[in-house]
Every structure is written in C-alpha cells, then in structure tokens.
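These notes concern the structure reproduced below.
A note on names: the letters A, B, ... follow the listed sequences, proteins ahead of strands, and every chain is numbered from 1. Being a predicted model, the structure only gives us computed values, none of them experimental.
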Amino acid sequence: MREIVQRVKGTRDFYPEEMAFRTWLYGQIRIVSERFGYQEFDAPFLEKLELYAAKSGEELVKEQAFVFTDRGGSEVSLRPELTPSLARMVAQRQKELVYPLRLWSFGPFWRYEQPQKGRTREFFQWNIDLIGAAGHQADAELLSICADFFRQVGLTPQQVRINVNNRRLMDAQLQKIGVSEALKPLVFRMIDRRDKLRVDAWRTYGLEQGLTDKSIDLLVALLDDKTLWKASPELTEIFAILDRMGYADYFEFDPQVIRGLLYYTGTVFEARDAARDGRALLGGGRYENLVGDVGGDPLPGVGFAMGDVMIQVALEKYNLLPDLAVQPARIVVTCFDADSLAESYATAAEIRAAGLNTICYPEAVKLDKQLKYANRIGAKFVVIAGPDEVAAGKITVKDLEARTQTTVERGQLTAFLRSAGA
RNA sequence: GAGGCUGUGGCUCAAUGGCGGAGCAUCUGACUGUGGAUCAGAGGGUUGUGGGUUCGACCCCCACCAGCCUCCCCA
C-alpha cells in the first residue's frame with residue numbers, strides 16, 4: 001500500500017464522484033455560454049514557450065508555468081492561461097472571422113503555485129470572450145453572463161457579489177489626487193493590500209513607500225467613495241443596462257478592484273463570496289488589443305475566466321452541490337449459473353436495445369451477492385431468470401426500492417421495465 | 001520563496017516514553033433462488049519516509065515528502 005506512487009503535488013484524482021461534479025459544472029457552463037450564443041472552442045494544452053514569453057513576460061513563465069524541453073529540444077509549456085492561445089487562433093484567421101466573435105472554452109490549465117484553499121497546480125477554467133466589440137456596452141453582456149451563471153447554479157446576490165471598477169476612472173481619479181504615472185504601480189499594490197493590513201499598518205506601509213500623509217488621506221477618501229462610479233459615463237451606462245436586464249443585485253461598484261489594471265483598459269471586475277472570504281471566483285475585464293502581441297491588427301475585446309476550484313468551494317459552502325448519479329445504469333441482470341451466462345448477456349443486450357442502461361453481472365456467484373452488488377451501486381431493478389422462470393417462459397423483475405418483485409412473460413420484459421419507470 | 005498545523009488498518013479517530021486499539025467498511029457464515037437489519041467469526045499495521053536521542057519511540061529531536069491554512073503571487 002505504502003509504495004503506491006503519489007500524485008503530483010497540487011493535482012487531483014477525479015473518481016466518479018468528482019468527475020460527475022466536473023461534468024456537471026461543464027454542463028452548467030455550456031448552458032449559460034450557449035444561452036448567450038457563444039461558440040465552444042479549445043486550444044492545445046501544450047504550447048511553445050515563446051507564445052507566453054511574448055505576452056505575459058517574466059513572472060508567469062519564470063515562476064509559474066510548467067516549462068520543459070521536449071525530446072526534439074524545443075522549449076514548451078503546459079498552458080498556464082488561455083488568452084495567448086486564443087490570440088494566436090484569432091490572429092491566424094483575423095480577416096475571415098465574423099465579429100463580434102463570441103467564444104468560450106472549458107479545460108485544464110497548469111500553474112506551479114503553492115496549493116492552498118481554492119488553488120491547485122492543475123485546475124480547470126472557463127474562459128469566455130466577446131471579441132471585436134469596441135463599445136463598453138458589450139462589457140454589460142459579459143457581466144450579465146457572470147450573473148446568469150451564478151443564478152443558474154443557485155448562488156444568490158446575498159452569497160456572491162460581482163465587484164466592478166473601471167481602469168480609466170481610476171486613472172483619472174488617481175491623477176486628480178496627485179498620483180504620478182511612476183507611483184501608480186505602488187499605489188495599485190497598496191490598494192490590493194488594503195484589506196489585508198490593519199489600518200495603521202497599511203498607512204505605515206504607504207509612508208515607507210514614499211507617499212505623504214495627505215496623499216494617503218486622499219486615497220482613503222477615494223477608495224471609500226462608493227458613488228465614484230457616477231463620475232464614469234461608461235460605468236453609469238453599464239449599471240443601467242444590468243439593472244434593466246434584472247441582474248442589478250449581483251453587482252457592486254468597488255474602487256478597490258484593481259485586478260490586472262495594468263493589463264485591462266476599461267471595465268474590470270471580479271466576483272467573490274459576499275462575505276469576502278476566500279479568493280476571487282472569477283475575474284475579467286476589457287482589453288484594448290487581443291492580438292497585438294502575436295502580430296495582428298488591433299482588436300478589442302472583453303472576457304473573464306472562472307476556475308473550477310473556487311467555485312466548488314463556494315457551492316459547497318452554500319450547500320448547492322447537486323445530487324449527481326454516479327452509476328448510469330439502474331438495472332442489473334443477474335447470472336443464475338455458468339451455463340446461463342450467455343443468456344443473461346443476451347437479456348442485457350435486449351434491454352439496452354430498448355434504450356435502457358443495463359449492467360449484467362459477469363460471474364455466476366450466489367444470487368445473494370449479486371443482489372448486494374445491485375444494492376450497493378444504487379440500482380433500482382434486478383432481472384432474474386432461473387430454471388423456474390425459464391421453464392415457464394417468464395422472467396422476474398425485482399424492484400429494490402419498492403422491495404417487490406414481479407414475474408412477467410419473457411416477451412414483456414422491456415415493456416414492463418419501461419412501465420415500471422426504468 | 002517564508003511561516004503554522006497535521007500525517008496511526010480502506011475511512012474516521014484513540015493510545016503522550018512502557019504489549020498499537022475502537023467504530024465504520026470489507027470478507028465469511030447463520031440464509032444450498034433473493035439486497036439495506038441483526039448476530040457470530042475472520043482478514044487487514046515495519047504508526048508518511050530517512051536519520052537521531054533513549055534500556056525502551058506512534059509519542060521527543062533533525063531532515064525530507066505530502067495535505068490543510070496563511071504570507072508572497074495571481075497572467
């Protein structure tokens with residue numbers, strides 16, 4: 001037992017129970033994506049390292065990508081994100097694609113991080129993008145998809161919140177309080193840490209970084225101003241659209257959302273547990289030029305990504321995990337003795353031909369054991385054909401849930417199973 | 001990269017320096033053509049790995065591995 005080779009750190013085994021959840025999640029994502037008319041696509045899980053080097057630069061590739069040299073000597077990487085692959089795929093057919101282009105994908109990604117709550121090294125992510133629509137009104141569509149997904153899986157506005165901000169708004173406001181372009185990265189980092197440090201420690205941190213007491217006061221006033229969005233015509237219109245769509249309860253303006261502000265160019269957003277515990281459930285925003293780094297013509301877009309790990313944590317927390325049937329067959333055909341095994345297989349085939357999922361017990365063991373097996377896997381019906389039934393041209397169907405059994409004409413088997421609700 | 005907690009049969013946990021146990025699960029039987037209950041019995045462990053201290057280590061010390069949590073980071 002002990003010598004079983006362990007899993008790679010940060011990976012998960014998907015036994016049927018876990019696989020059922022993943023498949024269910026994929027299904028919910030598909031329902032929502034297709035409801036808005038998005039097309040599914042996928043990219044290679046393995047890409048040339050240079051694809052990421054071009055765009056994401058140092059941090060991602062050096063610290064967090066699973067990079068290796070293949071047998072031919074090429075540097076490749078398991079994909080740590082989808083956007084560069086998407087950019088390449090769009091650029092390759094930039095002239096022939098129909099815009100606005102709506103695409104979604106659900107698949108595995110790898111990042112070499114420290115596993116902890118809501119974070120693994122191998123995870124699945126939903127990516128969805130609206131490409132080639134320049135107006136900020138398109139941002140409202142992506143935001144409504146977020147809200148629609150939460151509603152779809154049963155998460156309420158009391159449980160999760162989508163926090164929205166705008167890059168241009170923050171730029172203007174920071175400039176207004178005297179934050180220079182050079183200081184901006186520092187201030188972003190400060191904003192990011194505000195919820196993690198105590199008030200005095202946060203101020204001390206700011207002073208150490210060279211900010212003045214006065215500018216910190218101004219920053220505090222800015223971050224606490226929950227009506228700041230009214231200064232942004234874009235946000236004002238986006239919130240109005242979301243309100244008209246009936247999703248307003250899910251949204252909240254939050255000037256502290258700085259998620260990738262250096263990368264995004266307009267609307268930015270992230271969803272969290274309303275109690276603010278745990279990491280973000282999803283995050284995204286508007287970008288200026290998807291394909292710029294891979295040599296395409298300017299092409300704006302808006303999109304977001306949601307990982308499977310945190311959303312599972314949230315669904316578990318709010319007791320929203322669905323009851324998933326792990327065993328697809330609810331009918332077990334028993335095998336009476338070795339001589340009749342072929343006949344049992346034939347009976348099972350007949351039931352399957354009638355469109356019903358069926359398991360045939362593959363060995364002639366004691367009926368008692370076969371019934372226990374049927375019970376353990378959650379089957380509802382057991383089909384039994386012993387010498388008595390065969391001699392009379394009949395077959396017995398046992399209903400494990402009702403604890404009853406009926407002997408019917410052999411030719412009526414599938415009809416009976418159907419009428420009994422199989 | 002840093003810190004904290006944890007690691008004992010398949011699972012959940014006892015045993016705190018002195019003979020490693022229990023519950024659940026599994027298997028067998030009571031029941032040779034009938035499942036969830038009950039009863040009886042059985043199997044299953046070099047206590048995460050490797051060192052050290054000790055007359056003696058699941059227990060104390062060191063290192064490593066893994067899990068959880070936090071920091072860092074978050075494209």
Side-chain angles (χ1 to χ4, degrees), chain A residues 1-13 15 47 51-65 77 79-87 109-121 123 125 127 188-189 192-193 195-197 201 257-264 268 270 277-285 287 293 303-305 307 309-310 313 332 334-337 340 361 364-391 395-407:
Chain A
M1 198 62 220
R2 194 153 288 113
E3 65 271 15
I4 288 179
V5 176
Q6 293 182 322
R7 283 193 307 275
V8 170
K9 182 173 181 171
T11 62
R12 294 164 292 168
D13 289 327
Y15 286 90
E47 290 275 16
L51 178 69
Y52 303 106
K55 176 189 164 286
S56 335
E58 311 309 309
E59 192 74 44
L60 176 58
V61 173
K62 277 190 186 160
E63 309 291 338
Q64 304 203 284
S77 174
R79 61 183 189 184
E81 60 166 329
L82 187 63
T83 305
S85 303
L86 171 62
F109 295 86
W110 294 265
R111 293 179 194 173
Y112 196 85
E113 308 201 66
Q114 286 311 309
Q116 52 192 266
K117 187 166 191 172
R119 190 159 72 183
T120 57
R121 287 184 174 179
F123 56 96
Q125 200 171 67
N127 284 268
F188 284 157
R189 173 155 297 202
D192 193 35
R193 290 193 173 178
D195 287 336
K196 290 175 181 170
L197 298 175
V257 172
I258 61 154
R259 186 178 192 87
L261 265 188
L262 296 172
Y263 168 70
Y264 292 118
V268 288
E270 65 182 27
D277 60 335
R279 53 192 68 251
L281 296 166
L282 60 82
Y287 43 84
D293 289 321
F304 68 83
V309 184
M310 255 327 283
V313 169
V332 172
T334 57
C335 171
F336 190 77
D337 53 36
S340 65
Y361 205 91
V365 298
K366 285 199 292 187
L367 191 57
D368 161 79
K369 189 170 180 182
Q370 299 186 48
L371 283 167
K372 273 183 180 155
Y373 167 81
N375 196 51
R376 286 292 302 275
I377 66 164
K380 179 171 168 61
F381 296 105
V382 174
V383 177
I384 302 166
D388 297 348
E389 285 88 352
V390 172
I395 195 157
T396 296
V397 176
K398 185 175 179 66
D399 184 327
L400 294 175
E401 289 172 4
R403 302 186 71 88
T404 60
Q405 71 178 47
T406 313
T407 299

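Nucleotides B:rU34 and B:rG43 have their P atoms positioned 28 Å apart, rounded to a whole Å. On the C1' atoms, B:rC72 is 8 Å away from B:rA2, given to the nearest whole Å. Using P as the reference atom, B:rC5 and B:rA42 are 42 Å apart when rounded to the nearest Å. The same atom, C1', is picked in B:rA15 and in B:rC73; the two are 42 Å apart, to the nearest Å. Taking atom C1' in both B:rG21 and B:rC55, one finds a spacing of 25 Å when rounded to whole Å. Comparing B:rA37 with B:rA25, their P atoms sit 7 Å apart, to the nearest whole Å. B:rG45 and B:rG7: their C1' atoms are spaced 15 Å apart (whole Å). Comparing the P positions of B:rG20 and B:rU46 gives an interatomic distance of 14 Å, to the nearest angstrom.
Rounded to whole Å, atom P of B:rU34 lies 16 Å from atom OH of A:Y361. Atom pair A:E389:CD and B:rG33:P shows a separation of 12 Å (rounding to whole Å applied). Rounded to a whole Å, the CG atom of A:L371 is 13 Å from the C1' atom of B:rC31. B:rC74 atom P lies 15 Å from atom CD of A:Q114, rounded to whole Å. Distance NZ (A:K366) to C1' (B:rC31): 8 Å, rounded to an integer number of Å. As a whole-Å value, the separation of A:R12 CZ from B:rG67 P is 12 Å. Per the geometry, CD belonging to A:Q116 stands 13 Å off C1' belonging to B:rG4, to the nearest Å. Atom-to-atom, NZ of A:K372 to P of B:rA25 comes out at 12 Å; the value is rounded to the nearest Å.
Nearest approach of A:C335 to A:Y361, heavy atoms of both residues: CB-O, 3.6 Å. Of all heavy-atom pairs between A:R119 and A:V309, the closest is N-CG1, 3.8 Å. Heavy-atom minimum distance, A:A385 versus A:T334: N-OG1, 4.4 Å. When all heavy atoms of A:Y373 and A:V332 are compared, the closest pair comes out as CE2-CG2, 4.5 Å.
Side chains of A:Q405 and A:T396: a donor-acceptor N/O pair is absent below 3.5 angstrom, by distance only.
Across all strands, A:K117 comes closer than 4.0 Å only to sugar-phosphate atoms, never to a base (heavy-atom distances). In this structure, A:Q405 reaches the bases: a heavy-atom distance under 4.0 Å links it to at least one base atom across the strands shown. Backbone-only contact: A:R376 has heavy atoms under 4.0 Å from sugar-phosphate atoms and none from a base. Within the nucleic acid shown, A:G10 comes within 4.0 Å of sugar-phosphate atoms alone, with no base atom in reach, counting heavy atoms only.
With both pairing distances under 3.5 Å, B:rC64 is matched to B:rG48 as a Watson-Crick or G-U wobble pair. Partner assigned to B:rA42 is B:rU26, using Watson-Crick or G-U wobble distances below 3.5 angstrom. As the counterpart of B:rG21, B:rC13 is assigned, both hydrogen-bonding distances of the Watson-Crick or G-U wobble pattern falling under 3.5 Å. The partner of B:rU8 cannot be assigned: no Watson-Crick or G-U wobble pair with both contacts below 3.5 Å exists in any strand. In a base pair of the Watson-Crick type (N1 to N3 plus N6-O4 or O6-N4) or a G-U wobble (N1-O2 and O6-N3), with each distance short of 3.5 Å, B:rC74 is matched with no nucleotide.
Taking for each of A:A385 and A:V8 the nucleotide of RNA chain B with the nearest heavy atom, the 5'-most of the two is the partner of A:A385. With RNA chain B read from its 5' end, the first of the two nearest nucleotides for A:F336 and A:E401 is the one closest to A:F336.
The A:D388 side chain lies nearest to B:rG33 when the options are B:rG35, B:rG33, B:rG1. In this structure, of B:rG33, B:rC74, B:rG35, it is B:rG35 that holds the atom nearest to the side chain of A:K398. Counting only heavy atoms from C-beta on, A:L400 has its side chain closest to B:rG35 among B:rC68, B:rG35, B:rA66. In this structure, the nucleotide among B:rG29, B:rU34, B:rC74 sitting nearest to the side chain of A:R189 is B:rC74.
Put simply, the side chain of A:R111 gets close to the backbone of A:P80: a donor and an acceptor are under 3.5 Å apart.
Expressed to the nearest 0.5 Å, how far CD of A:E401 lies from CG of A:N375 amounts to 9.5 Å.
Between A:R193 and the phosphate of B:rC73, there is a side-chain N or O to OP1/OP2 separation shorter than 4.0 Å.
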